[in-house]
Amino acid sequence: MSDTGPDAGRRGGAQPPAPDARAPEHAPDPTRAARTSPPPGHRDAEPGARIHARNWGWRHGGRLAWALDGVDLDIAPGERVLVLGPSGSGKSTLLGGIAGLLGGEDEGEARGTLTVDAADPSSQRGRIGLVMQDPEAQVVLARVGDDTAFGMENLQVPPERIWPRVDRALAEVGLDVPHSRSTSALSGGQKQRLALASILAMRPGLLILDEPTANLDPDGVADVRDAVERVLAASGATLVVVEHRVDVWADLVDRAVVVLDGRIAADGPLDDVLASHGRALRDRGIWLPGDDVAGAVGHPLRPRADNAHPGPGGAGRGLDTNPDAPGRPTRPDDRHDLDAQSPPPGRVDHAERIERAAPAGAAGRTPTGRNAVHDHPILTARGLAIGYSPDHPVRAGIDLDIERGRSTCLVGANGTGKSTLALTLAGLLPALVGTIEAHPADPPARASSDPHDWRSADLLGRISMVFQEPEYQFVARTVREELEIGPRRSGVGDDEIDALVDEHLDALGLTALAGANPMTLSGGEKRRLSVATALISAPELLILDEPTFGQDRTTWIELVRLLRRSLDRGTTLVSITHDPAYVEAMGDVVIEMSSVHEDAFRRSYGNVLTGKRVEKHGGAQRSGGPGPSGPLGVSESPGIPGRSGPLGRINPVIHVLALIVMTTPLLVSIDPVSAGIALVLELPLILLARIRPAALALRMTPLLLAAPIAALSMLLYANPGGQVYWALGPAIVSERSVRLALGIFVRVLAVGLPAIVLLTRIDPTDMADGLAQVLRLPARPVLATLAAARMTGLMAADWKALEQARRIRGIGDSRKVVSAVRGSFSLLVFALRRSAKLSLTMEARGFGAASTRTWARPSKVGAADAVMMAVAVVIPTVALTAAVATGHFELIGR
């Protein structure tokens with residue numbers, strides 16, 4: 001990435017004259033006209049949108065204060081604007097207003113005027129593209145290709161143009177996966193790229209980005225930023241981007257708008273804004289180009305490890321980062337007069353006070369102290385394979401040592417298994433293959449060395465974890481109660497708990513929120529609370545998944561200082577991170593998890609790793625599902641994925657209709673002849689479906705259990721007839737009951753077999769296409785139900801994560817009913833919030849517009865469907881006719 005400092009040149013030529021900070025009107029930029037007009041021959045491009053606001057303000061429903069007020073803003077077509085401001089300043093409200101997603105009078109009150117292209121922003125669906133911070137809530141459909149095409153379908157893009165644009169958008173963001181890849185199988189960073197690709201494919205006139213790179217690795221950040229630049233150059237779209245880190249977008253934007261306390265505080269060229277307001281921005285938590293936040297937290301006071309060497313497999317040990325160590329680079333001068341050794345102005349380093357207040361150690365452990373680095377690792381892994389299913393391992397062949405008393409950073413590209421490895425090391429996922437051994441100072445009695453075999457209470461004070469989604473860890477009603485859980489379970493007295501909780505609240509800026517429900521906190525506040533809930537129990541090993549995600553500059557420094565103090569108390573840290581500054585500040589040992597070469601990795605993280613030893617993850621091999629066989633658009637057809645073989649050519653709607661026609665007539669009779677003939681005629685469907693015998697046997701298990709039970713009931717309690725073979729009370733086995741039992745046994749199989757063969761092949765997205773196109777059902781409820789079904793499928797994963805969080809916090813062994821109730825409430829909260837965000841995402845992609853949508857994959861009925869329906873009619877007709885002809889037909893219930 002090019003130099004992003006204040007003096008760096010901008011792409012796009014001369015800059016507009018500097019405006020007055022209170023007067024956002026801009027003189028015309030002669031270079032912008034050329035940039036706004038699409039290049040000749042670019043068919044998909046549209047000119048940039050114009051934004052105009054005069055004395056605009058918004059007050060959320062139920063609030064007294066205005067979130068924004070007196071906003072005067074003019075953004076010309078094709079202009080590129082960076083919006084800066086601390087958390088809670090009103091940036092998100094401004095973006096929501098421009099995107100037309102704030103809602104009506106029932107959700108808040110507006111005053112003044114705000115328009116996009118001289119119209120109400122809410123009427124400009126499809127013209128405005130919005131990418132938010134939460135990647136999970138921005139995935140609408142179950143397959144990558146369909147999700148990328150969703151917005152274009154709503155905008156009536158012709159189907160023949162949709163798939164080339166899908167391929168182009170996925171390539172632009174570097175998401176090299178097949179169209180048929182399940183969106184649930186993507187990592188968080190990959191989902192963020194997918195969200196951006198889905199918006200880019202729409203070619204909006206206004207592109208709004210709300211911290212779009214927050215979940216990405218350094219290569220991913222560069223890819224997304226470069227993708228946005230390419231799209232802007234090709235389309236002439238207007239850009240409004242919110243980002244805490246200025247340097248990511250500094251050389252792409254024309255202008256910066258600073259939002260402070262609900263008002264526009266500055267507006268002008270980025271260099272001018274940084275020059276005049278840089279100190280104020282830094283003090284309010286904005287990351288400025290050239291900031292050395294790793295230096296701001298102070299250099300770690302650690303003894304040099306003269307004998308540092310790679311562990312088995314090459315992972316787990318590295319060079320010390322002592323500032324006096326040979327080869328350590330001299331830090332560059334800070335261009336914004338940052339005092340590298342002092343806390344931000346007006347802030348106090350409270351972390352040291354926590355060190356004094358921390359409990360002497362959970363589970364009877366005495367802290368070892370930062371200067372006691374032991375040769376024996378606290379955790380080892382050998383021949384490890386990780387994943388959620390033995391059939392689909394994420395990575396295999398992992399050997400590593402985690403050094404006691406040191407900070408290890410796991411880094412690498414999105415999707416390389418870092419989070420899965422962390423869950424496995426913490427004992428929350430079982431190792432698929434290989435061994436994990438933990439060696440705490442006070443091992444649990446009568447337990448193996450594998451943390452997965454430990455009780456929840458055994459983990460408390462020994463191993464803890466901070467999840468990527470902080471909400472998973474919250475089980476109490478208030479912030480204070482959350483922090484009390486760990487010490488209370490460790491046997492700490494009430495008075496000491498109060499002091500300990502107060503210190504942590506103070507250190508992380510949460511004192512004013514002590515009585516608030518954790519679920520109501522902002523994203524950054526939730527992250528700090530989740531870290532505090534883990535640290536307050538003084539674990540010997542703490543594993544953190546993206547600990548600095550969502551933090552502004554000020555809270556980042558305080559959080560890293562707190563973790564530094566935990567190292568000084570003897571806590572071993574393992575951090576999954578994409579944050580180069582965090583690696584610089586906390587990376588005693590850096591374990592690289594991706595498959596790239598070391599030199600490529602060094603390019604990704606720049607000079608952050610100078611003076612550190614990067615260990616290639618020994619023996620780690622990527623496995624699992626197959627990737628694309630070639631470039632996007634070449635490796636696969638844009639047709640319906642996964643539909644191969646004779647039955648694969650059948651429309652899913654016809655599958656359902658054929659099943660109804662095939663099985664309903666069989667329900668009117670109960671004789672074994674008609675059911676047996678039908679079953680024999682249905683067996684070829686198994687061959688046509690190409691279902692593996694093992695898979696068929698597994699799917700048939702419910703039938704093979706239900707059929708004998710139904711037959712036994714019929715055998716004993718059917719109306720007797722003919723010869724009686726056995727009787728005991730109301731149970732009578734007769735000639736007729738034997739015949740009926742055989743009939744019900746075969747009939748259950750005859751009705752269930754085609755259901756298994758036909759219904760299990762139906763993809764929900766294909767079914768939705770068929771319902772809307774073949775049966776002409778309204779598209780809006782069909783697609784809304786489909787999106788809701790995908791969200792519902794995430795609830796199982798959410799519940800599993802909630803169980804893991806309760807286990808790691810030491811409360812997973814008891815109070816099952818209470819935990820289940822609280823978990824259900826958390827699950828409901830997740831569902832409601834995701835639904836609200838999903839609704840915004842769908843609206844931002846043009847869903848619900850008055851116009852009729854197009855369909856990327858036309859769902860049609862052809863000759864194969866006609867043959868299928870004919871077969872569905874023939875099977876019951878032949879079966880029932882044969883039963884009548886042979887005199888065996890018997891109506892059910894007689």
With side chain to side chain contact (heavy atoms under 4.5 Å, CB included) as the test, would you mind laying out the steps for L270 and V246 before giving the verdict?
-> CA-CA 9 Å; L270 179 61; V246 175; 4.1 Å; yes
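- With respect to D247 and R225, no salt bridge is recorded, no charged nitrogen being found less than 4.0 Å from a carboxylate O.
- Using a 4.5 Å cut-off on side-chain heavy atoms (C-beta onward), T533 and L483 make contact.
- Closest heavy-atom contact between L209 and L95: O-CD1, 4.2 Å.
- D502 is listed as a side-chain neighbour of R480, based on a closest heavy-atom distance under 4.5 Å.
- Between D442 and R462 there is a salt bridge, since a side-chain N of the basic residue sits under 4.0 Å from a carboxylate O of the acidic one.
- The distance from the CD atom of E525 to the CG atom of L513 is 5.0 Å, given to the nearest 0.5 Å.
- Nearest heavy-atom pair across V259 and P86 is O-CD, 3.8 Å.
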For the pair E484 and E481, evaluate side chain to side chain contact (heavy atoms under 4.5 Å, CB included) and give the outcome as yes or no after the intermediate values.
-> CA-CA 5 Å; E484 291 175 349; E481 289 175 0; 4.3 Å; yes
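- With a 4.5 Å cut-off on side-chain heavy atoms, S92 and V242 do not count as touching.
- Across R477 and P518, no two heavy atoms sit closer than the pair O-CD, 3.6 Å.
- With a 4.5 Å cut-off on side-chain heavy atoms, Y472 and I808 do not count as touching.
- Contact annotation: the side chain of V466 never approaches that of P547 to less than 4.5 Å [non-hydrogen atoms, C-beta and beyond].
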Residue pair K91, D210: steps toward the side chain to side chain contact (heavy atoms under 4.5 Å, CB included) verdict = CA-CA 9 Å; K91 303 189 306 298; D210 187 1; over 6 Å; no
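- Remark: M586 CE to C409 SG distance equals 7.0 Å, nearest 0.5 Å.
- Aromatic ring orientation, Y582 versus W556: perpendicular (interplanar angle above 60°, classes split at 30° and 60°).
- Counting only heavy atoms from C-beta outward, the side chains of E503 and I536 never approach each other to under 4.5 Å.
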When you look at E482 and V475, which way does the side chain to side chain contact (heavy atoms under 4.5 Å, CB included) test go after all the steps?
-> CA-CA 7 Å; E482 284 290 350; V475 297; 4.2 Å; yes
Which is it for R245 and E211 under the salt bridge (charged side-chain N to carboxylate O under 4.0 Å, His left out) test, yes or no, and what are the steps along the way?
-> CA-CA 9 Å; R245 298 176 184 254; E211 296 194 64; over 6 Å; no
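- Counting heavy atoms from C-beta outward, V258 and I286 have side chains that stay 4.5 Å or more apart.
- Atoms CD1 and CD1, on I398 and I386 in that order, are 4.0 Å from each other to the nearest 0.5 Å.
- D401 contributes no side-chain N or O that, together with a main-chain N or O of E403, makes up a donor-acceptor pair within less than 3.5 Å.
- Using a cut-off of 4.0 Å between Lys/Arg side-chain N and Asp/Glu carboxylate O, K418 and E546 are scored as not salt-bridged.
- One finds the CG atom of L428 at 9.5 Å from the OG atom of S456 (value rounded to the nearest 0.5 Å).
- Separating the CZ atom in R282 from the OG1 atom in T554 is a distance of 10.0 Å, to the nearest 0.5 Å.
- What you find for P451 and A438 is that their closest heavy atoms are CG-CB, 3.7 Å.
- Atom CZ in R489 sits 7.0 Å away from atom CD1 in I811 (nearest 0.5 Å).
- Nearest heavy-atom pair across D251 and V248 is OD1-O, 4.4 Å.
- Scanning all heavy atoms of the two residues, the minimum distance from A67 to T93 falls at CB-OG1, 3.8 Å.
- Remark: K526 does not engage E469 in a salt bridge, criterion side-chain N to carboxylate O under 4.0 Å.
- Under the 4.5 Å side-chain criterion, counting only non-hydrogen atoms from C-beta, L400 is in contact with L421.
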Quick one: do R527 and S530 satisfy side chain to side chain donor-acceptor pair (under 3.5 Å)? Show the steps, please.
-> CA-CA 5 Å; R527 167 55 74 214; S530 67; 3.1 Å; yes
